[in-house]
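Chain letters run A, B, ... following the sequence lines, proteins first and then strands; every chain starts at 1.
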Number of protein chains: 2
Amino acid sequence: MQKDIKPELSTPVEKPISSSQRALVELRSKIFAGELAAGSDHLESELATQLNMSRTPVREAVLTLESQGLLELRPRKGVRIVPLSADDMAEIYEVLTELESLAAERAALAAYDDAELQELAQAIDDMDVAIARDDLDAWAEADDRFHTELVRLGGNSRVISIVHMMSDQVRRARTTTLFMRPLPTKSNEDHRKVLQAIKRGDGDCARITHRSHRREAKKIIVELLQKHRLRFL
Amino acid sequence: MQKDIKPELSTPVEKPISSSQRALVELRSKIFAGELAAGSDHLESELATQLNMSRTPVREAVLTLESQGLLELRPRKGVRIVPLSADDMAEIYEVLTELESLAAERAALAAYDDAELQELAQAIDDMDVAIARDDLDAWAEADDRFHTELVRLGGNSRVISIVHMMSDQVRRARTTTLFMRPLPTKSNEDHRKVLQAIKRGDGDCARITHRSHRREAKKIIVELLQKHRLRFL
DNA sequence: GCATTCCATTGCGTATGCATTAAATGATGC
DNA sequence: GCATCATTTAATGCATACGCAATGGAATGC
């Protein structure tokens with residue numbers, strides 16, 4: 001796949017931003033912001049007026065979001081923001097576990113130098129700081145950054161986009177899970193181990209370490225969800 | 001209330017089949033049949049007349065297919081059937097490897113009885129027969145069946161749909177790769193080992209065995225592709 | 001001959017209108 | 001009262017229309 005080669009003018013270039021793109025972006029953020037709550041139904045026309053455009057671009061955005069698992073199209077009842085059950089969380093975490101572990105392995109085998117692993121190291125440090133300050137939001141942000149960067153370093157574009165999709169589905173629930181779960185103090189030890197393994201070029205160690213790290217996280221979250229009988233409705 | 005409202009004729013079910021559904025199905029099969037060749041460009045209006053419908057449902061189908069990685073929308077040049085490079089194949093196989101291995105593990109831990117594993121066993125036998133007869137098509141079909149069933153038994157719906165997507169991308173290339181690669185005689189030994197591990201409930205063994213099986217297959221295919229300089233254009 | 005500008009073409013993005021049909025409501029018979 | 005059927009309502013699926021902007025080519029200037 002050849003990337004589009006654009007020398008790009010000195011001027012940043014104005015973005016005409018298409019309506020369907022805007023619909024996509026805005027609907028996504030409304031979903032993440034909880035403005036469109038999980039489990040709620042919305043008519044296409046309703047969303048259209050809300051976004052100040054016709055049904056057509058909304059429909060396209062909705063179709064895309066559906067294929068990404070954030071929405072569900074129900075013929076006469078409007079689009080439904082899919083609610084996540086504990087089982088769904090388990091499924092998603094399983095996928096994330098495997099694909100991120102793969103990425104960790106590939107990253108280790110790619111022989112990145114320290115400079116290229118800077119972002120990863122930074123994310124880990126930021127998590128430490130956040131934990132020390134008891135700042136859960138900052139921790140979540142840095143944790144996200146760590147995982148995103150890890151996957152990017154893995155270099156498999158399909159893994160990147162799948163992980164992105166799955167993370168999106170989980171992201172909405174993060175607000176809830178974040179404050180339920182115990183402070184992830186031990187978590188960063190694992191992150192450091194993974195980083196060290198990558199630096200060492202030890203693919204198996206990176207993979208296995210990250211794998212058990214993720215499995216552990218999954219177990220904790222799913223148990224919490226089941227205990228609290230939460231369904232994210 | 002939910003009881004049968006209408007005795008309904010002896011005919012099973014009437015299918016009103018929507019246009020966009022039809023567009024989706026027909027475009028897919030045209031792609032797999034090579035009627036829409038990889039790398040070729042097609043205008044929306046062209047496809048619309050071809051399918052005897054307006055641009056709208058075609059557009060919707062195309063959008064969906066794009067999000068599934070089979071198409072690429074290029075503003076003024078029409079939709080392009082995405083060609084796969086050797087690197088793409090490698091990426092896809094990596095994803096398949098990890099997710100199928102996960103499925104194998106989960107299947108083993110699910111304690112299925114022999115009856116429930118019948119389909120899997122059957123697929124393996126069919127592959128043996130196909131190999132003995134030198135019938136590559138039959139082998140490919142049974143192999144597909146094996147992997148599909150394995151993933152189904154894994155029970156993770158997200159894994160199922162991702163694997164399905166990835167398999168689709170690869171399926172188009174199958175015609176080519178099938179006849180290049182050496183007869184997969186050893187392959188079935190691995191399949192049997194996986195099945196045995198599942199019957200035994202040995203998750204780790206199932207996972208590891210399937211994993212190395214898939215990694216092997218990936219290596220062979222990718223090397224072949226690189227050697228032959230094939231790009232599926 | 002080469003480059004630059006202008007124009008015609010046309011594919012796409014979006015809006016709009018219409019027909020279909022699923023759901024809801026009311027009517028009718030028992 | 002309850003259930004079945006008819007009628008109405010309205011959301012969707014699809015067709016169609018239209019303007020814009022990009023592309024290719026012609027025309028003009030050098």
Side-chain angles (χ1 to χ4, degrees), chain A residues 2 4-9 11-28 30 36 39-67 70-82, chain B residues 1-9 11-28 30 36 39-67 70-82:
Chain A
Q2 305 98 321
D4 48 345
I5 311 136
K6 282 187 180 177
E8 205 61 22
L9 302 177
T11 21
V13 178
E14 298 298 328
K15 284 187 180 182
I17 187 73
S18 85
S19 283
S20 47
Q21 286 290 56
R22 189 162 66 81
L24 200 67
V25 173
E26 303 215 351
L27 287 179
R28 285 174 80 87
K30 273 172 195 278
L36 297 178
S40 61
D41 292 325
H42 306 270
L43 299 178
E44 289 178 3
S45 40
E46 180 189 315
L47 296 173
T49 27
Q50 222 171 31
L51 297 179
N52 227 43
M53 55 181 74
S54 87
R55 273 177 50 219
T56 312
V58 173
R59 195 144 219 281
E60 295 191 354
V62 156
L63 242 12
T64 305
L65 291 172
E66 184 195 29
S67 75
L70 289 174
L71 295 179
E72 210 176 0
L73 253 74
R74 313 194 310 169
R76 295 269 147 184
K77 327 190 92 178
V79 297
R80 141 171 291 217
I81 316 298
V82 303
Chain B
M1 299 177 257
Q2 296 104 317
K3 302 186 75 175
D4 50 345
I5 309 127
K6 289 180 182 178
E8 204 57 26
L9 303 176
T11 21
V13 178
E14 298 294 329
K15 282 187 179 181
I17 187 72
S18 85
S19 284
S20 47
Q21 286 290 58
R22 189 163 65 83
L24 201 66
V25 173
E26 303 215 350
L27 288 179
R28 284 175 81 87
K30 273 171 194 278
L36 297 177
S40 62
D41 293 324
H42 306 270
L43 298 179
E44 288 177 6
S45 39
E46 180 189 318
L47 295 173
T49 28
Q50 222 171 30
L51 297 179
N52 228 43
M53 56 181 74
S54 85
R55 271 178 51 220
T56 313
V58 173
R59 197 144 216 282
E60 295 190 354
V62 155
L63 242 13
T64 305
L65 290 173
E66 184 196 28
S67 76
L70 287 174
L71 296 179
E72 211 177 358
L73 255 75
R74 312 192 312 168
R76 292 268 143 185
K77 327 191 94 179
V79 298
R80 142 171 290 217
I81 316 298
V82 303

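The two residues B:Val58 and B:Ala23 make their nearest non-hydrogen contact at CA-CB, 4.4 Å.
The side-chain hydrogen bond (donor to acceptor under 3.5 Å, both in side chains) test applied to A:Ser67 returns B:Ser67, not counting sequence neighbours. Under the side-chain hydrogen bond (donor to acceptor under 3.5 Å, both in side chains) criterion, B:Glu44 pairs with B:Arg55, B:Arg59, not counting sequence neighbours. Residues that satisfy the salt bridge (Lys or Arg N to Asp or Glu O under 4.0 Å) test with B:Arg76, not counting sequence neighbours, are absent from this structure. Qualifying salt bridge (Lys or Arg N to Asp or Glu O under 4.0 Å) partners for A:Glu66, counting only residues two or more places apart in sequence or in other chains: none.
The distance between atom CG of B:Asp41 and atom C1' of D:dT23, rounded to the nearest whole Å, is 14 Å. Regarding B:Glu46, its CD atom lies at a distance of 15 Å from the C1' atom of C:dC12, rounded to whole Å. Rounded to an integer number of Å, the gap from CZ of A:Arg80 to C1' of D:dA11 is 17 Å. Per the geometry, NE2 belonging to B:His42 stands 14 Å off P belonging to C:dG11, to the nearest Å. Between the NZ atom of A:Lys77 and the P atom of D:dT9 there is a distance of 21 Å, given to the nearest Å. The nearest whole Å value for the distance from the CZ atom in A:Arg74 to the C1' atom in C:dA23 is 13 Å. When the C1' atom of D:dA11 is taken as reference, atom CG of A:Leu47 falls 13 Å away, rounded to whole Å.
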*For nucleotides 14-20 of chain C, just jot down a letter per nucleotide in 5' to 3' order: B, S or -, based on protein non-hydrogen atoms under 4.0 Å.*
BBBB--B

Without placing hydrogens or testing angles, list every side-chain donor-acceptor pair under 3.5 Å for residues 47-54 of chain B, not counting sequence neighbours.
| from | atom 1 | to | atom 2 | distance (Å) |
| --- | --- | --- | --- | --- |
| B:Thr49 | OG1 | B:Ser45 | O | 2.9 |
| B:Thr49 | OG1 | B:Glu46 | O | 2.9 |
| B:Ser54 | OG | B:Thr56 | N | 3.3 |

